[in-house]
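Below is one structure; the comments refer to it alone.
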Amino acid sequence: MAKYFMGIDAGTGSVRVAIFDEKGHMTAYDVKEYPSYYPKSGWAEQNDRDWWNALKEAIPVCIRKSGVKPEEIVGISCDGTSSTTIFLDKDGNSVRTPILWMDVRASEEAQSISELAKDCDALKFYRSGVPAESLIPKCMWVKKNEPENWDKTVTIFEFTSWLHWKLSGKKTTNMSVAAFRWLYDDKNGGYPMDLYRAIGLEDVVEKFPADILKTGTPIGKVDFEIAQELGLDPDTMVIEGTLDAVACMVGVGSVKPGGMALIGGTSSCLFGLSTTDFHELGVNGTYPNLLYDGTSLVEGGQASSGGILNWFRNNLVPKEWEEQARERQIGIYDFIARQAEDIPIGSDGLIMIDYFQGNRAPYSDSDARGMFWGLSLGHTTAHMARAVLEGVAYGACHCIRCMKDAGYDVKEIYACGGLAESDIWMQMHADIIGVPMYTTQESQSAGCLGNSMVVAVGCGIYKDLEEAAENMVVINKKFEPNMENHEKYKYYMESYIETWPLMSDLVHRMVKYINS
């Protein structure tokens with residue numbers, strides 16, 4: 001009997017379901033959207049009923065499209081947005097709406113944790129500061145501001161674990177999720193109870209699932225009633241997956257130590273695997289045994305990347321650009337990139353700082369904000385378009401430089417997401433960073449493929465993720481850096497890096513003023 005794998009990738013705006021064979025060929029793909037809710041400035045929530053309704057639609061449709069028999073799907077693995085936090089009562093119902101990853105209501109709590117860095121060894125993973133979007137500050141906020149909900153809560157976990165629980169009926173958490181944002185240290189005693197006690201969360205661990213499973217571990221078969229509801233075979237195994245960006249890292253084949261994946265969506269993640277541990281300013285991690293034993297995850301990232309391009313398109317793109325794109329039958333983002341391509345390197349002295357939603361790395365500053373500087377009457381919309389594309393690439397390069405300063409020297413980058421759809425933007429990244437950039441055949445479904453690769457390993461088809469990558473990932477484009485352009489970019493790159501230290505105090509005062 002043929003063997004197929006189902007990967008479920010639950011992102012910020014939609015759930016994506018895909019079925020792959022043993023060679024990484026996609027047989028079907030389906031997407032269902034769900035809404036986000038923004039009750040207050042800085043808050044972001046989603047409803048788990050919306051998630052479930054999307055799954056109930058996407059899974060049967062994907063199976064139907066594929067022509068694959070349900071019994072031929074040997075396993076399923078999932079990923080969900082990291083730090084999207086769910087609070088369940090004793091009956092498995094949400095006591096409050098899940099708090100979405102991008103929610104930064106807990107910025108004060110995050111700052112209070114960061115101030116304990118000298119006293120708590122666990123904060124070595126966040127030398128630049130604890131992200132306000134992460135689960136632990138969110139738990140502090142709920143316990144302080146919603147004590148009744150906190151008392152009702154018996155289970156706290158993230159979106160990835162929620163997905164596996166809904167399919168299998170078993171509550172687990174994943175090593176990658178616990179190590180990434182819960183400060184779980186697999187090499188040194190697990191949860192940092194001294195820190196949890198110091199911040200008043202000594203009771204949080206009893207609310208976490210007891211089973212912390214490594215990626216690729218079988219959880220169990222699909223729950224019988226759920227299988228019937230979704231059109232799945234009840235003998236299909238649910239395999240422990242990983243957090244969303246790591247699933248994409250696997251899906252582009254960046255599973256060997258020393259590599260680097262750039263997952264470019266609304267925000268961007270830069271992930272690599274190191275065989276040695278280090279903890280330095282400007283780089284988050286390294287998180288031990290996060291994906292597999294013997295390696296630690298190196299993290300950089302941008303809180304805004306594709307989101308800025310979307311902002312530019314919605315607010316600054318002239319009507320005539322829209323009309324010309326339609327006439328030429330090309331997408332508006334492709335048209336924007338082509339307009340930018342005609343502008344000189346450095347945008348004639350116009351620089352954009354990409355901190356529109358704060359800075360994830362190297363500063364870990366939730367109160368940072370973006371800016372354009374160097375504007376003159378000679379600048380056009382096309383100049384601003386190029387400055388947006390260059391500014392995002394400068395931000396990625398800054399993260400890569402900080403990794404190199406810490407001893408992790410990136411030689412090549414595998415990219416996926418919206419960034420990978422633009423050859424112009426990919427080449428710009430290669431020129432600015434100065435290393436080759438690659439895209440893969442399943443770039444836009446890298447998370448689903450990564451999950452399917454996890455299934456292939458968990459079900460014994462391949463011995464490890466490296467072998468799965470060799471058989472299931474196909475490189476389709478390579479972007480060699482133009483070193484002449486790289487030299488031209490150096491002055492602008494240095495100007496980008498110099499900007500934030502000069503502007504940070506002024507921006508912080510403004511953010512404090514408008515939020516007061």
message: Quick test of your reading: applying salt bridge (Lys or Arg N to Asp or Glu O under 4.0 Å), list the pairs with at least one residue in residues 335-345, sequence neighbours left out, ordered by first then second residue.
response: D334-R338
- prompt: Got a sec, which residues hit salt bridge (charged side-chain N to carboxylate O under 4.0 Å, His left out) with E115, two or more places apart in sequence or on another chain?
  reply: none
field: Backbone of W311 reached by a side-chain donor or acceptor of N315 within 3.5 Å
entry: yes
query: Which atom pair, heavy atoms only, marks the closest approach of L316 to M384?
result: CD1-CE, 3.9 Å
query: Are the side chain of T380 and the backbone N or O of H383 linked by a donor-acceptor pair below 3.5 Å?
result: yes
Pairs flagged by salt bridge (Lys or Arg N to Asp or Glu O under 4.0 Å) wherever residues 410-428 is involved - sequence neighbours left out: D409-K411, D423-K477
- prompt: Donor-acceptor pair, Y292 side chain versus V255 backbone, under 3.5 Å?
  reply: yes
query: Below 4.0 angstrom, N of the basic side chain to O of the carboxylate: do E45 and R105 qualify?
result: yes
Partner residues of E280 under the salt bridge (charged side-chain N to carboxylate O under 4.0 Å, His left out) criterion, sequence neighbours left out: none
message: One thing to verify: whether K65 and D30 come together as a salt bridge, which I'm taking to mean a side-chain N less than 4.0 angstrom from a carboxylate O.
response: yes
query: Under 3.5 Å, is there a donor-acceptor pair between the Q427 and D431 side chains?
result: yes
statement: In short, T81 meets D244 closest at the heavy-atom pair CA-OD2, 3.3 Å
- request: Verify side chain to side chain donor-acceptor pair (under 3.5 Å) between W182 and E158, making sure each step is shown before the conclusion.
  value: CA-CA 10 Å; W182 302 7; E158 294 191 15; 2.7 Å; yes
task: Please check if any side-chain donor atom of Y34 sits under 3.5 Å from a side-chain acceptor atom of R49, or the reverse.
output: no
query: Quick one: are V473 and Y414 in side-chain contact, heavy atoms under 4.5 Å?
result: no
Selection residues 498-510 - residue pairs positive for side-chain hydrogen bond (donor to acceptor under 3.5 Å, both in side chains), sequence neighbours left out: D365-H508, W373-T499
query: Do M175 and T215 come within less than 4.5 Å of each other through their side chains, counting heavy atoms only?
result: no
- prompt: Do F180 and Y287 have ring centroids that are under 6.0 Å from one another?
  reply: yes
- prompt: Among pairs that include at least one residue of residues 344-360, which meet salt bridge (Lys or Arg N to Asp or Glu O under 4.0 Å), considering only residues two or more places apart or in two chains?
  reply: E133-R360
query: Looking at L55 and V15, what are the two nearest heavy atoms and their distance?
result: CD2-CG2, 3.9 Å
Student check: side-chain heavy atoms of N310 and T266 closer than 4.5 Å: no
query: With S305, which residues qualify under side-chain contact (heavy atoms from CB on, under 4.5 Å), at least two apart?
result: S268, V392
task: Would you check if the side chain of Y37 reaches a backbone N or O of W43 as a donor-acceptor pair within less than 3.5 Å?
output: no
message: Tell me which pairs pass salt bridge (Lys or Arg N to Asp or Glu O under 4.0 Å) where either residue lies in residues 378-391, with sequence neighbours left out.
response: R386-E390
query: Who passes side chain to side chain donor-acceptor pair (under 3.5 Å) against H379, sequence neighbours left out?
result: S376
Can you give each donor-acceptor pair under 3.5 Å made by side-chain atoms of residues 323-332, sequence neighbours left out, with the distance rounded to 0.1 Å?
none

message: So, using side-chain contact (heavy atoms from CB on, under 4.5 Å) as the criterion, who are the partners of T27 when residues are at least two apart?
response: Y4, I19, S66, V68
Heavy-atom pair of closest approach, residues S422 and A337: OG-CB, 4.1 Å
message: For K319, is there an ion pair with E322 - N to carboxylate O distance below 4.0 angstrom?
response: no
- prompt: Considering residues at least two apart in sequence or located in another chain, which fulfil the side-chain contact (heavy atoms from CB on, under 4.5 Å) criterion with C416?
  reply: C248, V252, I263, S443, A446
task: Please tell me if the side chains of Q357 and S267 come closer than 4.5 Å, counting only heavy atoms from C-beta onward.
output: no
- prompt: Of the non-hydrogen atoms in D79 and A247, which two are nearest, and what is the gap between them?
  reply: OD2-CB, 3.5 Å
